[in-house]
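See structure below.
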Number of protein chains: 2
Amino acid sequence: MNIYDIAKLSGVSIATVSRVVNGSPRVSEKTKQKVLAVMEEAEYTPNVFARGLGLNSMKTIGILCPDISDQYMAEAVSHLEKRLHEYGYDCILSCSGSAQEAREHHTKLLLSKRIDTLILVGSLYAGSGKNPGETEYVRAAAQQVPVFMINGYVEGENIYCSYGDDQQGAYDVTQALIRRGKKRILFLYDSQTYSARQKMQGYESALADAGYPILGDLKHYIRPFDMQQPDGAGLSDFSESSSGYMQNKVLYVKEMLLAHRTLEFDSVFACNDGLAVGVLKYARAKGLSVPEELSVAGYNNSTMAVCCEPELTSVDNQVKRLCSDAVDRILKVLQGEEDVEQNHKVRCEIVRRCSTDF
Amino acid sequence: MNIYDIAKLSGVSIATVSRVVNGSPRVSEKTKQKVLAVMEEAEYTPNVFARGLGLNSMKTIGILCPDISDQYMAEAVSHLEKRLHEYGYDCILSCSGSAQEAREHHTKLLLSKRIDTLILVGSLYAGSGKNPGETEYVRAAAQQVPVFMINGYVEGENIYCSYGDDQQGAYDVTQALIRRGKKRILFLYDSQTYSARQKMQGYESALADAGYPILGDLKHYIRPFDMQQPDGAGLSDFSESSSGYMQNKVLYVKEMLLAHRTLEFDSVFACNDGLAVGVLKYARAKGLSVPEELSVAGYNNSTMAVCCEPELTSVDNQVKRLCSDAVDRILKVLQGEEDVEQNHKVRCEIVRRCSTDF
DNA sequence: GTGAAAGCGCTAACAC
DNA sequence: GTGTTAGCGCTTTCAC
């Protein structure tokens, strides 16, 4: 059943049917109703491919993320999809993993689908800050369609970024720990993303502002333990489930800390809740009371933060707001509005629970 | 840059270019290389819309799930996307929420995108078993494209199902609890999905086989607390983040149990880990030791099961296998193979941790 | 307000 | 092995 059939059945031309389908005002109420009735009766659905060919768009947004089974990204995609769907956009989801090459490849593939916009979810796409060319593909993509980054920042034309102020978040937590009298604050991280760098900077600034020394051994990097990570992004390799990966991570952090007998600290700021829960497990194994003997703060305010004992103080990165803000601007850009705000930074919020007690 | 341009630049016809693009063997090596070179040079990408129009397919799979921010579904989608991507299929993701009407609407919408296959992720789509017509839309969809269900079962032509044997899983856990001497095993659930019904049946069979009575008050339904659930599917309403919802759920279960002073039990089998962690929180608040005074088992073997204290025994539903199995059959069906196995049941596995100690 | 007709860029049947 | 050509189903000028 195509537009010709409907036209024939309605006794009008395909142009008129097309007008009705697209809600053009240049149709008399009468014919409009007639056509509508026929369409209803015939259960006609316009062919999206043909329409796509004519309009060179299928109202589709490409969403790329390293791993949809990661809680943070899943939440982001959930918000994005919901909002975009409201406005009639479909989402093609693609998961690239963490390797640089894979990111580039998936980006290209998504672009070849003639998406209207590309959304890059996760700080990973903003690169590690090491290699200059690592974000070149983002700029290249931006030459074809507007590119939106969720929790990442890349400078460039047609690139729009929404990100949490992780530097400030880390600063706030570290400062609170300092105020609580902690002297040796361990900074725990397991990835080198843009976001992780921001956090480290916040941590360092807070120490500096308090007149504390910045000690190298207190910035402790937990190497992704599955050794499948081409560039140490700290993500699952997907050969396994993400929850399985996360389970292992928690236990791994505990073991690493137990094994590392020379490291001394009275508090921990972990770059994500998984690491923080690992620290909690370590504390329990060591017989350390939390928060009295060891304060622990995590990041992302995930479900994990509440499951553990004691419950975890954690920084909320406000993904929902980031996504919502991004969608607002996507709509503007796609409607051809000019001067849409390119970058948007959102303040993170510390959710205080008993693991730090400050 | 279209196929005509490439043809002109290569000094061949568009048919030849098309052949090269599609890897037809009916092209001489020489012209093939020539065309390939031109395409490369011109950075030519075939127009997917035009191709879709011609082939009436864009190699796209529609994936529908109630909520991608739910850990279980995110994991499923992750596996599906990864496998399908390998075979050149793209995934359109759509999240329907839990309402019956929304499920039907999203299904229709996805079908109107001319997807090659529809995948329904989650037991919710198999209905509550109450209203006869509630799965009618699944059968209707199956008249247009093959429909695959992940962890759900609906009888019908062109409907293919992969599901964990949750009944057996529940049976095994309950039986283990009985063997350990537990007398009053609380069955905790918060949704009425196909999967939840299976679990309850397993629970009941195990009790029956042990000669235990099946007590109504020991089958405890936790009503979704946000009151935004049109049909009590126990899912987040998405107005909030899923992790926020889950955090609340854990605390809510704890409070509910504390408030319910007449309910007596020496062990709990919870339909999901969120509920189980809530029970753990309750036990702690009550000063009950786990597993000595209270055994707790969860379901889904999620990250939560390891974050809590003590760690949670949980049944692994084997999503990855379900998805992998589904993809295998999707490929077969799309290649026109006949007699593809319609239903596939996978045995669940108990992952034993210290919360039950059996 | 409506219709005729020219694309949109590709695939595939058919001819050579 | 290669080219010609007729669709695929829609949108969109341009007449009337």
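Numbered from 1 within each chain, the chains take letters A, B, ... in sequence-line order.
In this structure, CD1 of Ile6(A) is placed 15 Å from P of dG3(C), rounded to the nearest angstrom. Regarding Ile14(A), its CD1 atom lies at a distance of 12 Å from the P atom of dA6(C), rounded to whole Å. Atom CG of Asn56(A) and atom C1' of dT11(D) are 12 Å apart (whole Å). Atom C1' of nucleotide dG9(C) and atom CE of Met39(B) are separated by 15 Å, given to the nearest angstrom. The interatomic distance linking Phe49(A) (CZ) with dG7(D) (C1') rounds to 17 Å, in whole Å. The CE-C1' distance, from Met58(B) to dG9(D), rounds to 15 Å in whole Å. Summarising the geometry, the separation between CG on Leu55(B) and P on dG9(C) is reported as 17 Å, rounded to the nearest angstrom. Rounded to an integer number of Å, the gap from CG of Asn47(B) to P of dC8(D) is 18 Å.
Among the atoms of the strands shown, only primed sugar atoms or phosphate atoms (P, OP1, OP2) are found under 4.0 Å from some heavy atom of Val12(A). Among the atoms of the strands shown, base atoms are found under 4.0 Å from some heavy atom of Leu53(A). Note on Val48(B): nothing from the nucleic acid sits closer than 4.0 angstrom, heavy atoms only. Residue Arg26(A) is classed as a base contact, given a heavy-atom separation below 4.0 Å to a base.
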Let me see the working for Asn151(A) and Ser123(A) under side chain to side chain donor-acceptor pair (under 3.5 Å), right down to the final yes or no. CA-CA 5 Å; Asn151(A) 211 35; Ser123(A) 158; 5.4 Å; no
Please walk me through it: do Tyr153(A) and Tyr163(A) pass ring-ring contact (aromatic ring centres under 6.0 Å, His included)? CA-CA 7 Å; Tyr153(A) 172 72; Tyr163(A) 44 93; 5.7 Å; yes
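A donor-acceptor contact closer than 3.5 angstrom is absent between the side chains of Ser24(B) and Asn22(B).
Minimum atom distance to the side chain of Asn22(B) is reached by dT11(C), of the listed dT11(C), dC10(C), dT11(D). The nucleotide whose nearest atom lies closest to any side-chain atom of Ile3(B) is, among dA12(C), dC10(D), dC10(C), dC10(C). The listed nucleotides are dG3(D), dG3(C), dT11(D); the one nearest the side chain of Ala15(B) is dG3(D).
Between Ser28(B) and dT2(D), a side-chain N or O to OP1/OP2 separation shorter than 4.0 Å is present. Dashed line: the shortest gap from a side-chain N or O of Ser18(B) to OP1 or OP2 of dC10(C) is not under 4.0 Å. The shortest distance between the side-chain N/O atoms of Thr31(A) and the OP1/OP2 oxygens of dT2(C) is below 4.0 Å. Applying the 4.0 Å criterion to OP1 and OP2 of dG3(D), one finds that Thr16(B) has a side-chain N or O inside that range. OP1 or OP2 of dG9(D) has at least one side-chain nitrogen or oxygen of Asn2(A) nearer than 4.0 Å.
Phe148(B) has its ring centre less than 6.0 Å from the ring centre of Tyr160(B).
A donor-acceptor contact under 3.5 Å is formed by the side chain of Arg19(B) with the base of dG3(D). Within 3.5 Å, no donor on the side chain of Tyr4(A) pairs with an acceptor on the base of dC8(D), nor the reverse.
Contact check for Val333(A) versus Thr117(A): no side-chain heavy atoms found under the 4.5 Å cut-off. Residues Tyr125(A) and Tyr137(A) meet the side-chain proximity criterion, which asks for heavy atoms closer than 4.5 Å.
Nearest-nucleotide positions on DNA chain D place Ser13(B) closer to the 5' end than the other of Ser13(B) and Thr45(A).
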